[in-house]
Amino acid sequence: MKKIIIPILLGTLLVGCTTDDINLDSHSAYTTIPSTLVTNAQKELSDYVNTPSVNENNFRLTMQYWQETTYVEESNYNFTNRNISNQIYIDNYVNVLNSLVKAKELINAYQPVPSEISTWPKIQKNQLAIIDIMQVYTYQGLVDTFGNIPYSQSNQLGGNVAPAYDDAAGIYTNLITRLQQDIANIDVNGGINSESDNFTSADLYYPAATNTAPAIAASLTSWKKFGNSLLLKLGMTLADSNPTLAQQTATTAISNGVMVSSADDCKVRYLSGSPNYSPIYENVKASNRNDFVGGKTLVDYMNTNSDTRRSKYFRTVGTTGNYIGQVIGQPASFANFSAPGDFAYTPTTPGILMNYTEVAFYLTEASARWGIGGNAAANYASAITSSFTDWGIASDATAYIAAHPYNAANWKQSVGTQAWVAMYNQPLTSWNFWRRLDYPVLQPASAATINSVPVRMSYPASEYQTNGANVNAASSAIGGDLLTTKLFWDKN
Amino acid sequence: MKKLTAGVLVLVLSSSLAVANAQQKKSDTVRTQDIEGVVVTALGIKREKKSLGYATQEVKGDDVNKNPTSNFLNNLSGQVAGMDIKQSTNFGGSINVVMRGFKSFSGSNQPLFVVDGVPIINNNINTSSQTTGRYGVDYGNAASDINPNDVETINVLKGAAAAALYGSRAANGAIIITTKKGKKNQKGIGLEYSSSITMSAIDKTTFPKYQTEYGEGYVGEDEWGSYNGGLAAGFGSDASYGPKYDPNLLVYQYDAFIPGSPNYGKATPWTMAKNGPSTFFKNGTNFTNSLSLSGGNDVATYRINYTNLDATDILPNSSLVKNNFGGNASYKITDKLTASLYANYITQKTRGRNDTGYNGNIMSGFRQWWPTNVDIKQQDDFYNMSHQNYTWNITNPTNLAPQYWDNIYFQRYQNYQNDSRDRFSGNVSLSYDVSKELNFLVRLSNDSYSMTTEERKANGSVPNIFGLNINTPQPSGYSIGNYRLSERNYDFIGTYKKDLTEDLNLNGVLGTNIRTNSAYSDVHSTVGGLSVPNYFDISNSKERPLNQTSDTSKQVIGVFAQASLGYKSTYYLEGTIRRDQTTALSPGNNVYWYPSVSGSVVLSNLIKAPWLSFAKARANYAIVGNDTDANQLIDTYLAGSPFGSQPTYQFNAILKNPDLIAEKLKSMEFGLETSFLKNRVGLDATWYKNDSENLISNVLVSYASGTTLQKQNIGNLRTEAFELSLRVTPIKSQDFSWNLVANWSNPKTTVTALKNGVDNLALQTNTSQGGVTLNAPLGGLYGTIYGTDFIYAPDGQKVIDPDTGAYMKTTSTNNNLGSYQAQWFGGLRNTINYKNVSLSFLIDVKKGGKVFSLDQSYGYGTGIYADSVGFNDLGNPIRNTLADGGGIIQQGVIPDPGNPGHFITNNVRLDKSWSSQVLNTDPPAAAFVYDASYVKLREASITYTLSKETLGSKFIQGMSFSVIGSNLWIIHKNLPYADPEAGLSSGNLQGYQSGVMPTTRNFSFNVKVNF
């Protein structure tokens, strides 16, 4: 018996030698500072909204701005082969929203150091408000893409791995209320940086020019304008489905102060090197692939209407000096059609979340519908001028406006068509305008298996795999999980 | 399929029985000792096989070291019932071994390898991008380091009871390897030298057969561009769906624009290339030389050995050199105290492993995206001119930059990888016989290796995902990984043997094992390209490089006891109990107990019959607990690339879980071992059922929860099967013997439970190209392939789109297309000895199982394969335009236009003049899921042995010459143009092929001399 004890004793000695944290990885970070998560979310959101990658964002093809050259499935609305909806959920819920939710958690758990005990509450409120505005933007984008989506039960991680889908109209109402609260919560003089986190330098959308109080106040003012512009966007989207709420929201937004010039644009100033260059550049130039040429619909329109923006939007074909776009849905030999313009081959082309041009079109529409926000024709002129200015040819705007005057009798056509041309580099936004205003009239792609241009994306295959009951319920609630099922705000 | 297999078996058995009846000479008894001798079981404990209540199967060293490969696991294929070995066609690649089905969703299902009591590390370091077919290299698994020349015997412990003393990892079975030891009183000086030379050439049935009629393009006759007033080929089109070949047609092909080309500026005849892709392969070679010295006396034994292996692959610029130094010794310090030592040091340097998967893989180019007018020799010539990337896939006549594909020689010689691995494996033990009954053993074992991998992408290459850049294509780059893995075991074991009475004996074991596993990895990749061209160093990264470091450890302390009773050498009863405590689970969940009980009865001691040589019935029931990997309890934040000077972090996309509890395997087994006719015929039959519960896996969750996966105890698996092993010696006489061994098993693993209303567990986190995924659906088979399917009419016929004539496909991608699990598999080894010549061959059979071929899927649309041309019902070429009478009318039905809800036979012609990828007429994934059955002549060999007497030499004790062929003939398969066994990597993601290497036929000549 004695002799058996020795090995067992040796064994127990070694038990004591284990350390408590043997199970932790010394090269893993178990916490971080919130602004790093915000920078990540902002870049992910801008990358998603602006990328032309066929795996994530095919709306330049859907809106008939571009056409694929060799592999034309997405141009013909085959979005299931690459499980694009899966990627849209990942980009928005996992990459963007989860980072923002975690940032909020860390901000709420933060223990201010003695020197900031009195200032922290206002700083905290500002930080949370900014983050919430970005969440509203992201949720709106998801609703506008799919219709009903997980909202109230979303982003609870392990707490709810199969969230229910909420009614889209209800989400919109909630977003409007929530956004108004965020805007009200921003105190432009309340500060934004804590002692351990320089929030404003991490902010890619409205970084303060310097770390001084006036510069930070200016940045927060810009955030307020962006918030109000987003509120205006939410309102305008409801114009046909809930005119009362729409007009009320638009009025509030306009009176609180929306963007007034391109200086207020919300965008990411991409850098010249990988992986921080423009996602357009990444897919068009850095990959060394020639997957896209101009789409016939837009190129023909711009040619017919002598729109000088075409020299910025597209390149000429070879030595001909002509702009030629390919029939939507048909493959193209890259050499025979117009490539995307120089902006796509520039790594530092900014990624736009929302700009003044877009806001000006909303103002035009608001003034046309309800007579608020100024004079419709003047707003229309401002919008088009802003577009030409964005592309560096402001002086051509006057002639163009003269040739395409605002038509109050069919303002939908005026606004719809011009917004379509102007929103060339903001395809998700363009899709919204087109669905709401129904102009220009677009024919479906040549080899499409459906009879019209898609008005939504179908729910992700992964949802059917992991959240079957809820996504099936949502599918019934919206009238069928098809590309052709109209969203609640897409009337007529 | 069935008929062919039965035919082969019947042929062999019937002739053997006929001969057996004809000849009965003396010394025709196979000794019982050989059948039921002493085997090495768990923890190195030797037991009489007849006393074991669980299934084991022994393989002699000679059966695995005859055929020199760089991974000895290849040689175990077909030799053990229920052991499913999937060989690798990757150079130095990892080999998948699964015994008795799957016991884990996403953890390792590979058995535990133990060499001389040292559990050795066998995992692979392959990334998830590699195992799901995106991109990457298969770096092999470390069990390949076991030197087949040093193996004495292998005892396979198949089930949980057999391995209850090894704890969790051996729930998948244990392969106990005993190396050769020195012997006292051996003849000669104990020097053995063996040398072998092997040549390998591709088996053309595992490589595409290209159509010979149409060249580069996607849009048939509309592909032509123009240049200089003439026709230009579509250089950017990586497909063979272009214009018809016509030797009288002169066109400008890519070689008209390469400076230095013999055809520079000239239009050349539009014909198929003289040197197609199969000319890219060279003969693979393998030179293995081995030297060992052993000896012993009354107090000591020793053996030292050295093996050198030098191999090249069938692809240019490849090499694998392995040096294996090993030795073992035992020394009787006193009559009661023995010390033993085993040590093995292995270094391996590899270069030019083949790419795998979809992106940037030459094989996926040959199998999925290839224009048949491109000449391989010409590509070689262009590369040799100045080592530049002069590819066939130029952008346009003035821009020679590659669009999608590099020059394949540029890729092999400039974008090569290399890696080196240093491994030390060894143990030291002291055994003390306290008395005749009681023994103590103290053993310290260590297996550790460090590995460095380097990957390169030279400037001028096609930008592609690379290294740690899993989303952003890189124009050039360098990636280096450093890995250190180790496992340390301390064993303290006491064994007690006593004859309680004359008839009743007791064996007892009491012990403790402390195991520590550590894994360190540090990977760095350049980002944005190399600033100074082709200087492959991390400091040369244009942008801030990416790196990922991880350092995890896990410790499991086990305490176990075993008691075995034997009565009259006829009745045996054994029980074990083990308690494990792990650091990988939270306190409160980290201790688990598990018992087992087994019994056996030697029936032949009770039933005496002259024809019955031996019979034993056995049964056992075992429970094995299991923990999870280290660092699975607390969530982490991961640093991303900074935006300028702003750092970014993100929350882990796989959610950890502090509430994980231990998994549990419950296993039940019944078996019968019999031997008849003086041991001339033996039959072992086993039935088993394994139920694993609370299995831990990364479970795909709704992305709307903010994460993609969560680690959970999610469900249960069940495997039920029979194993049969038949041994027949039809003839045994002085000069002539004939031996047959056949193995058969039909393990089937189904998912019996999934929690939380989950009805399917996805086995991979992303979707592979082709829209397919591997899954474990509730109530279904583990390893089920999901993808798009045909749409079927009520009578089962496929529905066709009346607008195009193409098959309609489901929009849903979660249709069950079958599992990769085989229905049954087995092997037959046939050995004939005549005097000193021995002839043997091994046939390997697998029936059932599905495999999805991305190669066929994309190759269909690119018109590569021979079945994409031909004549239709009108007698016209199918690739003519519809206006010219081309196209085909596919088998199926279309909706009846006059009678909604009903269907009529299809009469719509499908346009085959352009690629289906362009016309949007691709068939669903289901069209490319094939039956993976095969019958293979795995090995055939002739050995000629010369004994000392024949040689008449004082020094040479014996000599043998062998000629061996392996992978000689795929007698039957259903998968076209590829080997159904080829895949990406070892592990749970099988049944998917993209750009797989062809299989090689290997011919070896081997010499062995004993001094």
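Predicted model only: the values in this text are computed from it and were never measured. Keep in mind that the numbers below use all heavy atoms, side chains included, and drop hydrogens, waters and symmetry copies. Residue numbers start from 1 in every chain, and the chains themselves are labelled A, B, ... in the order their sequence lines are given, proteins ahead of strands.
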Open item on the list: With chain B as the partner, which of A/A202, A/A41, A/S53 has the greatest number of non-hydrogen pairs under 4.5 Å?
Closed with: A/A202
Open item on the list: Using ring centroids (six-membered ring only for Trp), state whether A/Y89 and A/Y459 fall under 6.0 Å.
Closed with: no
TODO: Would you please indicate yes or no on a ring centroid separation below 6.0 angstrom for B/W369 and B/Y858?
DONE: yes
Task: B/T788 side chain to B/A925 backbone, donor-acceptor under 3.5 Å - done: yes
- [ ] Look at A/S201, A/S333, A/S446, A/P163 and state which one has the largest set of heavy-atom pairs under 4.5 Å with chain B.
- [x] A/S201
- [ ] Answer with side chain, backbone, both or neither: which region of B/Q650 has an atom nearer than 4.5 Å to a non-hydrogen atom of chain A?
- [x] both
Task: Contacting moiety of B/D803, where chain A heavy atoms sit under 4.5 Å - done: neither
Open item on the list: Is it true that, when you exclude A/K285 itself, more than 12 heavy atoms of the residues, nucleotides or ligands shown sit nearer than 6.0 Å to its NZ?
Closed with: no
Task: B/F651 six-ring centre to A/K102 NZ/CZ under 6.0 Å and within 45° of normal - done: yes
Task: Greatest number of heavy atom pairs closer than 4.5 Å to chain B - which of A/P279, A/G273, A/P460, A/P150 - done: A/G273
Task: Check ion pair B/K809-B/D922 (N to O, under 4.0 angstrom) - done: no
TODO: Indicate whether any N or O donor in one side chain lies under 3.5 Å from an N or O acceptor in the other, for A/D197 and A/S35.
DONE: yes
- [ ] Examine whether an atom of A/V101 lies under 4.5 Å from a heavy atom of chain B, and if so say whether it belongs to the side chain, the backbone or both; otherwise answer neither.
- [x] neither
Open item on the list: Report which part of B/P587 has an atom under 4.5 Å of a heavy atom belonging to chain A: side chain, backbone, both, or neither.
Closed with: neither
- [ ] Would you kindly say whether A/T70 and B/Y404 are connected by a side-chain donor-acceptor distance under 3.5 Å?
- [x] yes
Task: Portion of B/N920 that has a non-hydrogen atom of chain A nearer than 4.5 angstrom - done: side chain
- [ ] Name the region of B/N471, side chain, backbone, both or neither, that has any atom closer than 4.5 Å to a heavy atom of chain A.
- [x] backbone
Open item on the list: Is B/P475 close to chain A through its backbone or its side chain, or both, or neither, when contacts mean heavy atoms under 4.5 Å?
Closed with: neither
TODO: Please state whether the side chain, the backbone, both or neither of A/N78 comes within less than 4.5 Å of a heavy atom of chain B.
DONE: side chain
Open item on the list: Does any backbone or side-chain atom of B/N464 lie under 4.5 Å from a heavy atom of chain A? Answer side chain, backbone, both or neither.
Closed with: neither
- [ ] Would you confirm whether the ring centroid of A/Y277 sits within less than 6.0 angstrom of the ring centroid of A/Y270?
- [x] no
TODO: Please state whether the side chain, the backbone, both or neither of B/Y218 comes within less than 4.5 Å of a heavy atom of chain A.
DONE: side chain
Task: Under 4.5 Å from any heavy atom of chain A - which part of B/Q474 - done: side chain
Open item on the list: If I take atom OH from residue A/Y205 and atom CZ from residue A/R269, how far apart are they, to the nearest 0.5 angstrom?
Closed with: 11.5 Å
Task: Region of B/Y637 in contact with chain A, defined by heavy-atom distances below 4.5 Å - done: both
- [ ] Say whether A/N40 and A/S99, considering side chains only, have a donor N or O and an acceptor N or O under 3.5 Å apart.
- [x] yes
Open item on the list: Heavy-atom cut-off 4.5 Å, strictly under: side chain, backbone, both or neither for B/S915 against chain A?
Closed with: neither
Open item on the list: Only pairs of heavy atoms separated by less than 4.5 Å count here; which of A/V96, A/N86, A/L97 has the most with chain B?
Closed with: A/N86
- [ ] Select one option (side chain, backbone, both, neither) describing which atoms of B/I634 are under 4.5 Å from chain A's heavy atoms.
- [x] both
Task: Interchain contact, B/T813 with chain A, by part (heavy-atom threshold 4.5 Å) - done: side chain
